[in-house]
Visitor: 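Next up is a structure, given as structure tokens.
All values reported here derive from a predicted model rather than from experimental measurement.
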Amino acid sequence: MGDASSFWATFFLLVLVASVARGDPLVPALIIFGDSVVDVGNNNNLTTLIKANFLPYGRDYVTHRPTGRFCNGKLATDFTAEYLGFTTYPPAYLSPDASGRNILTGANFASAASGLYDGTAQSYSAISLTRQLSYYRDYQMKVVNMAGQARANDIFSGAIHLLSAGSSDFIQNYYINPVLRGLYSVDRFSDLLMSSYSSFIQNLYGLGARRIGVTSLPPTGCLPAAITLFGAGSNQCVERLNQDAVLFNDKLNSTSQGLVQKLPGLKLVVFDIYQPLLDMIRKPSDNGFFESRRACCGTGTLETSLLCNDRSVGTCSNATEYVFWDGFHPSEAANQVLAGDLLQQGFDLIS
């Protein structure tokens with residue numbers, strides 16, 4: 001059975017490559033929502049401390065300049081756009097690039113420190129998921145004005161909509177917020193997040209989206225900064241946090257299955273990034289990496305955003321050897337591996 005699955009996955013991948021080689025993207029547009037894992041610069045335009053528009057962020061990007069991506073180079077969604085046949089990446093919606101015909105092939109509404117729970121974004125002056133959806137409605141009006149209603153509807157229904165959210169709700173809110181922890185157990189807080197997630201998907205569906213992908217939580221207890229903050233001096237993954245992520249992911253899968261049954265014509269794929277990232281962390285050499293406990297930037301134990309800067313002492317010279325770029329975010333090399341996994345898992349969205 002495994003050999004058959006592998007054969008068909010490889011066959012379909014070859015078909016996709018052939019389609020892209022002919023010059024047409026596999027879908028009309030790529031729309032992105034979420035947090036710092038997929039933010040390409042929206043936070044540059046906000047009054048917030050959660051930014052990445054300075055070196056060494058972006059040092060290995062195509063332009064070798066910081067863009068607002070929380071990475072040394074490309075994000076997993078950048079590689080995804082390439083694999084789908086796009087020649088440009090969806091622009092940050094709050095940037096000057098998101099204008100004119102540039103937005104006909106997509107836009108990025110993600111904001112670092114945002115989450116499924118709007119209170120998370122509000123705590124950091126980021127763009128909440130509710131606000132991102134409002135910007136998407138504004139985006140749709142612009143596309144209709146440029147392309148006409150009929151073509152716009154085809155773009156919205158044919159586009160892949162990607163959502164990455166949840167990590168900030170736990171790492172940057174729940175675990176450090178005694179009020180939230182007093183009000184909710186992990187189980188109940190996850191249920192609260194599922195309610196927000198379900199509403200978001202149904203609202204997207206109501207706006208014409210029919211192809212939606214959502215990423216699971218990563219092994220949050222293995223993020224270098226999480227080990228530093230919550231590991232009680234250990235250098236090992238914080239299993240309690242990983243167990244919380246597994247609980248959340250189980251709820252995400254069951255909630256998504258319910259939405260597919262409820263909403264006719266909806267293609268909704270939950271992308272598992274937990275296991276692929278855990279595999280890289282546990283067996284880095286199997287994936288071409290040297291270091292998976294420490295990040296590249298600074299000491300590799302905590303630095304993220306403003307703490308990861310061009311004066312950070314100890315920043316590595318070759319980030320391709322590292323699974324993590326900063327305390328919370330994968331390196332470009334790890335993002336490329338993750339994007340390959342996303343492609344294999346997401347065949348239903350492009351078939």
Side-chain angles (χ1 to χ4, degrees), residues 26-35 37-38 76-77 80 84 90 106-111 114-121 127-137 139-140 153-170 174 184 186-218 244-275 341-351:
L26 295 168
V27 292
L30 182 59
I31 312 291
I32 299 169
F33 303 92
D35 53 21
V37 175
V38 291
T77 45
T80 299
L84 291 173
N108 185 313
F109 303 91
S111 174
S114 189
L116 293 168
Y117 178 59
D118 278 0
T120 301
I127 308 168
S128 69
L129 209 54
T130 299
R131 187 69 182 275
Q132 290 181 38
L133 197 63
S134 177
Y135 282 137
Y136 179 61
R137 290 189 181 96
Y139 160 84
Q140 285 194 324
N153 288 344
D154 288 341
I155 292 173
F156 306 145
S157 63
I160 290 180
H161 297 69
L162 294 179
L163 169 64
S164 166
S167 295
S168 296
D169 292 310
F170 283 98
Y174 182 80
Y184 303 102
V186 170
D187 187 65
R188 287 196 60 208
F189 186 63
S190 296
D191 287 339
L192 179 70
L193 298 183
M194 285 305 103
S195 177
S196 297
Y197 165 68
S198 181
S199 295
F200 179 79
I201 297 299
Q202 290 180 79
N203 282 325
L204 262 188
Y205 180 87
L207 291 170
R210 293 297 181 269
R211 304 177 184 214
I212 305 174
V214 56
T215 58
S216 71
L217 285 191
D244 293 346
V246 170
L247 172 73
F248 174 93
N249 290 341
D250 287 344
K251 290 179 183 288
L252 182 65
N253 279 295
S254 59
T255 301
S256 298
Q257 289 170 8
L259 287 165
V260 169
Q261 292 170 2
K262 179 180 179 180
L263 303 173
L266 174 64
K267 291 184 176 183
L268 177 57
V269 172
V270 177
F271 292 108
D272 173 27
I273 62 170
Y274 184 97
Q275 195 58 51
D341 285 310
L342 297 184
L343 181 66
Q344 288 191 34
Q345 295 178 47
F347 285 153
D348 284 349
L349 293 182
I350 45 184
S351 60

Visitor: Just to verify, what does D35 make a side chain to side chain donor-acceptor pair (under 3.5 Å) with, not counting sequence neighbours?
Guide: S164
Visitor: Kindly indicate, with the supporting measurements, whether the criterion ring-ring contact (aromatic ring centres under 6.0 Å, His included) is fulfilled by Y174 and Y184.
Guide: CA-CA 9 Å; Y174 182 80; Y184 303 102; 7.8 Å; no
Visitor: Could you report the tightest heavy-atom contact between P90 and N108, atom names first, then the distance?
Guide: O-CB, 3.7 Å
Visitor: How long is the span from the CG atom in L30 to the OG1 atom in T80, to the nearest 0.5 Å?
Guide: 7.5 Å
Visitor: Tell me, please, which residues at least two apart from D154 pass side-chain contact (heavy atoms from CB on, under 4.5 Å).
Guide: none
Visitor: Enumerate the salt bridge (Lys or Arg N to Asp or Glu O under 4.0 Å) contacts for residues 247-259, please, sequence neighbours excluded, ordered by first and then second residue.
Guide: D187-K251, D191-K251
Visitor: May I ask you to test the F189-D244 pair for a side-chain heavy-atom distance under 4.5 Å?
Guide: no
Visitor: With sequence neighbours left out, write down each residue that passes side chain to side chain donor-acceptor pair (under 3.5 Å) with S196, or none if nothing qualifies.
Guide: none
Visitor: Please report the shortest heavy-atom distance between L207 and R137, naming the atom on each side.
Guide: CD1-CG, 3.8 Å
Visitor: Report the residues that fulfil ring-ring contact (aromatic ring centres under 6.0 Å, His included) with F109, sequence neighbours left out, ordered by chain and then residue number.
Guide: F33, Y93, Y136, Y139
Visitor: Of all the heavy-atom pairs spanning A159 and I31, show the shortest one and how long it is.
Guide: CB-CG1, 4.2 Å
Visitor: By side-chain contact (heavy atoms from CB on, under 4.5 Å), which residues pair with T77, not counting sequence neighbours?
Guide: I32, V38, L75, L162
Visitor: Assess, by modelled atom type and distance only, whether the side chains of S256 and Y197 contain a donor and an acceptor separated by less than 3.5 Å.
Guide: yes
Visitor: Can you list the residues that meet the side chain to side chain donor-acceptor pair (under 3.5 Å) rule with S254, with sequence neighbours excluded?
Guide: none
Visitor: Can you list the residues that meet the side chain to side chain donor-acceptor pair (under 3.5 Å) rule with N203, with sequence neighbours excluded?
Guide: none
Visitor: Just so I know, are the side chains of L129 and D118 near enough to count as touching, which here means a heavy-atom distance under 4.5 Å?
Guide: yes
Visitor: If you define the side chain from C-beta out and look only at heavy atoms, does anything of R210 sit under 4.5 Å from F156?
Guide: no
Visitor: Can you tell me how far CZ of F200 sits from CG of L116, rounded to the nearest 0.5 angstrom?
Guide: 9.0 Å
Visitor: Can you tell me how far OG of S216 sits from CG of N253, rounded to the nearest 0.5 angstrom?
Guide: 8.0 Å
Visitor: Give the minimum heavy-atom separation between G106 and A29, together with the two atoms involved.
Guide: N-CB, 3.8 Å
Visitor: For S111, which residues count as a side-chain contact (heavy atoms from CB on, under 4.5 Å) partner, sequence neighbours excluded?
Guide: N43, L46, S114, A126, I127, Q132
Visitor: Do you know which two heavy atoms are closest between R211 and G158, and how far apart they sit?
Guide: CD-O, 3.4 Å
Visitor: Among all residues two or more places apart in sequence or in another chain, which pass the side-chain contact (heavy atoms from CB on, under 4.5 Å) test with S198?
Guide: Q202, T255, L259
Visitor: Going by heavy atoms in the side chains, are L163 and I212 under 4.5 Å from each other?
Guide: no
Visitor: Please list every donor-acceptor pair under 3.5 Å in which a side-chain atom of residues 263-274 meets a protein atom from a residue at least two apart or in another chain.
Guide:
| residue | atom | partner | partner atom | Å |
| --- | --- | --- | --- | --- |
| K267 | NZ | D348 | O | 3.3 |
| K267 | NZ | S351 | O | 2.6 |
| D272 | OD1 | Y274 | N | 2.9 |
| D272 | OD1 | Q275 | N | 3.3 |

